[in-house]
Every structure is written in C-alpha cells, then in structure tokens.
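What follows is a short report on a single structure.
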Amino acid sequence: MTSIAAPARPVVCVWCGEPFDAATTRRGRLTFCGSCGAAMTDPPPDAEELAGAYGDWYRPAGERRFSFAGDAILARTRGLLASRIDEIAPSGPILDVGAGDGSLVDALRARGRETVGLERNPLRDDFRDVPLAEVEGEWAAVVFWHALEHLPDPGDAIAQATRLLKPGGVVAIAVPNTASLQAAVFGERWLHLDLPRHLVHLSAGSLQQGLRERGLVVERVSQMRGGQLVIGWLQGLVGGLPGHPDLYQALRRSGARSAQQGRLRRWLAVAAGVALLPVAALAALAEIIIGRGGTVYMEARLD
C-alpha cells in the first residue's frame, strides 16, 4: 500500500507571514500566531480528509440544502449583500471568490452587474475553477463571503485581490470572528470553527490589520452584516443539551446532511432550537452591542 505523506505543519503564519516563535500558542487543533493573533488548523487536513469534509452532502447538486425557510432566507440575505456591493463598488465587473451555489452571483447579475464566480469543483458551468493567482483583468470588487477561512493561503488571496482591483475598487469580506462572545462560550463546539474545512481563523482585529498591511483602507466594519449570528448561538445552546443534538444538521435536507438522523432525534433538535431562539437572539444582540459578534464583515478600498 502506498502511504500518503501527512501535510507539513505550519512554521509561519499564513495570514501575516511571521514565523512562529515563543509567543505562538496552541489550543486544541488550533495554533495561534503570536504576532497577529490569527489561528491555523494544525495539523492541516490532507487531501483525503478534505475530500470527506466536502462530500456530496455539503452542497448537493441540483438540491436545496435547508428545510423550512432556510434557503429563502439565504437568498434574501444575498440579495441585500448584492445591493450593498453594487452601491459601494465603482463601475466594472465583480469577482465572487468561493461562489458556492451562486446566489450572490445571480443577485449581482440581476442588478446588471457583470459577475464571475470562482469555486472549487463548481456545480455550475458558468463558474471558473482556477486559482485566484491566475485571474487577470481589472475588477470593481472582489468578494470573499465566508470563503477566506477556507483558503490555504488567505494572506496571498488578499494580495491577489488587491492586485486585481481597479482604482477605487473594493474588497468585501465576511468571516467568523474568533474574538466573538460565542466563540469564547462554546470553544471547540463553536459552529463557526468548522474543522477541518476552515483552515484559518481570524478575529476582527487580525482581519483589519491584515487588510491594512496589504495596502487597503478599511472603510466599514460591521458586527451584524456578516450574518450567521443567531444560528451560531442556537447550535451551541442546543448542542449543550443532554444527548448533544445537532441542530445544524437537523435543519438541512436529507441529501445535504453529513450523517442521517432519526426522525424523532431531528424533530427534538428542531423543537429545542425553537424554544431557545429568544435566548440565542438576545445573546447575538448582546455580542453585537459589545463589539464581539460571532461573524464580522469588512469593506476595504484600494486607495
């Protein structure tokens, strides 16, 4: 049998580029850079682990992912994001990195914007499966909507985005916030940790610092616009109940679950989620007020 070499453990930060030193700390499967505070999944997943993490269930072809009103809510939020990006970006095409099912691409095109989606193993023929380093041209905006954390070299991705921007162009980014209240409360059970798919883990501060160091002017920081706040609290609260119900998987459709659930277990998780929704909503509001939201959204412009 041919053995597969394990991926090399990181010796430098993939966000700021500084070598790990005595200030570097480790917690669970995360290694935190002593210079910028970003964390890396360590050891990084190999190809086999990643393939399993992005199985056919993760984004099933031709199927909706969420039950109830989940997909409609996602489409609505992508529409709002498209409106915002169309408003702040100068004229010209828009690049969506990690375009997923294409909801944002479609919403931007509906507003008359020429938009290209990049996606690994895309399910749509109109998407491109190429590294960001191979993209050329001048772009009015480059969007990383919960995509940056999936990239093995996010620092270079921002450098490439900066290279592609036309004068006055904007980068729009949403990522989980490791400095959030929900991250502190739930620890390794935090929904947005999402190992092993998330390879880098940024706080609002480390994200802002990295954007500035790459020549971008941060114009907007929002603790609300990054989305996925209440579900982060709900998943943690429900998962802390006896039996550790998995609400996130219960909310997904049958073909979009990593593991199947019995009907009773699924509905108990959903019922618990409904009961705890007011608590989760208040917790999300509280972390926004104190500036420690579960996700963070930033807009940065090429000066």
Side-chain angles (χ1 to χ4, degrees), residues 6-46 50 97-98 131-133 142-165 170-188 190 192-223 226 232 287 290-303:
R9 298 187 66 174
V11 295
V12 300
C13 177
V14 297
W15 182 239
C16 73
E18 291 295 320
F20 291 159
D21 55 21
T24 302
T25 59
R26 185 172 174 84
R27 188 167 68 241
R29 196 178 170 178
L30 300 184
T31 294
F32 289 81
C33 174
S35 297
C36 71
M40 280 127 282
T41 299
D42 181 17
D46 59 23
L50 269 184
V97 181
L132 193 55
V142 180
V143 183
F144 297 89
W145 181 259
H146 289 284
L148 194 65
E149 60 269 28
H150 292 262
L151 302 179
D153 195 344
D156 181 68
I158 297 300
Q160 295 295 337
T162 304
R163 171 183 66 85
L164 292 170
L165 287 178
V170 66
V171 174
I173 303 175
V175 296
N177 179 13
T178 59
S180 65
L181 190 57
Q182 59 184 253
V185 169
F186 300 124
E188 294 184 3
W190 183 37
H192 299 311
L193 192 60
D194 200 21
L195 301 176
R197 285 174 290 272
H198 289 183
L199 305 177
V200 67
H201 311 266
L202 301 171
S203 67
S206 60
L207 175 61
Q208 190 165 7
Q209 175 184 336
L211 295 177
R212 287 173 173 166
E213 289 177 349
R214 289 167 178 86
L216 295 166
V217 178
V218 177
E219 294 185 338
R220 182 183 178 92
V221 178
S222 173
Q223 301 283 336
E287 67 178 357
I290 65 174
R292 295 180 61 188
T295 62
V296 62
Y297 169 84
M298 291 189 190
E299 297 165 358
R301 196 175 300 274
L302 185 61
D303 197 7

Q | Within-4.5 Å side-chain heavy-atom neighbours: Cys13 and Phe20 | A | yes
(Q) Return the CG to CD distance between Leu202 and Glu149, rounded to the nearest 0.5 Å. (A) 8.0 Å
**Q.** Nearest non-hydrogen partners of Arg26 and Thr31, listed with the distance
**A.** NH1-OG1, 3.1 Å
Q: Using the side-chain contact (heavy atoms from CB on, under 4.5 Å) rule, take Thr295 and His192 through it: C-alpha gap first, then chi angles, then the decisive distance, then the call.
A: CA-CA 9 Å; Thr295 62; His192 299 311; 4.2 Å; yes
(Q) Any heavy-atom pair between the side chains of Gln223 and Ser180 that's under 4.5 Å? (A) no
Q: Assess the side chains of Gln182 and Glu287: does a donor N or O sit below 3.5 Å from an acceptor N or O?
A: yes
Q: Decide yes or no for Leu181 and Ile290: does some side-chain heavy atom of the first lie under 4.5 Å from some side-chain heavy atom of the second?
A: yes
(Q) Quick one: does any side-chain atom of Asp153 pair with a main-chain N or O of Asp156 as donor and acceptor, under 3.5 Å? (A) yes
Q. Closest heavy-atom contact between Cys36 and Cys33?
A. N-SG, 3.5 Å
Q: Test the Arg27-Trp190 pair against the cation-pi criterion, namely NZ or CZ under 6.0 angstrom from the six-membered ring centroid and within 45° of the ring axis.
A: no
(Q) If you define the side chain from C-beta out and look only at heavy atoms, does anything of Trp15 sit under 4.5 Å from Leu207? (A) yes
Q | Distance-minimising heavy-atom pair for Arg292 and Ala179 | A | NE-O, 3.0 Å
**Q.** Close side-chain approach of Ser203 to Val296, heavy-atom, < 4.5 Å
**A.** no
Q. Could you give the distance from CZ (Arg214) to CD (Gln209), rounded to the nearest 0.5 Å?
A. 9.0 Å
**Q.** Nearest non-hydrogen partners of Val171 and Ala161, listed with the distance
**A.** CG2-CB, 4.2 Å
(Q) Tell me the closest heavy-atom pair linking Leu30 and Ala39, and the distance in Å. (A) CB-CB, 4.3 Å
**Q.** Criterion side-chain contact (heavy atoms from CB on, under 4.5 Å) on Val218 and Arg212, from CA distance to verdict
**A.** CA-CA 7 Å; Val218 177; Arg212 287 173 173 166; 4.1 Å; yes
(Q) Restricting to non-hydrogen atoms, name the atom on Ala172 and the atom on Tyr297 that form the minimum distance, rounded to 0.1 Å. (A) CB-OH, 3.8 Å
Q. Any side-chain heavy-atom pair from Arg220 and Met298 closer than 4.5 angstrom?
A. no
Q: For the residue pair Ile173 and Leu211, establish whether any side-chain heavy-atom pair is separated by less than 4.5 Å.
A: yes
**Q.** Side-chain H-bond candidate by donor/acceptor type, His201 with Thr41, under 3.5 Å
**A.** yes
Q. Got a donor-acceptor contact below 3.5 angstrom from the Arg301 side chain to the Leu216 backbone?
A. no
(Q) As an exercise, state the distance from CD of Glu18 to OG1 of Thr24, rounded to the nearest 0.5 Å. (A) 10.0 Å
Q) Taking 4.0 angstrom as the limit, do Arg29 and Asp42 come out as a salt bridge? A) no
(Q) Could you work out, with side-chain contact (heavy atoms from CB on, under 4.5 Å) as the rule, every residue matching Leu132, not counting sequence neighbours? (A) Leu95, Val97, Leu118, Val135, Phe144, Ala157, Gln160, Leu164
Q | CG on Asn177 to OG on Ser206, rounded to 0.5 Å | A | 8.0 Å
Q) Do Ile158 and Leu148 touch side chain to side chain, with heavy atoms closer than 4.5 Å? A) yes
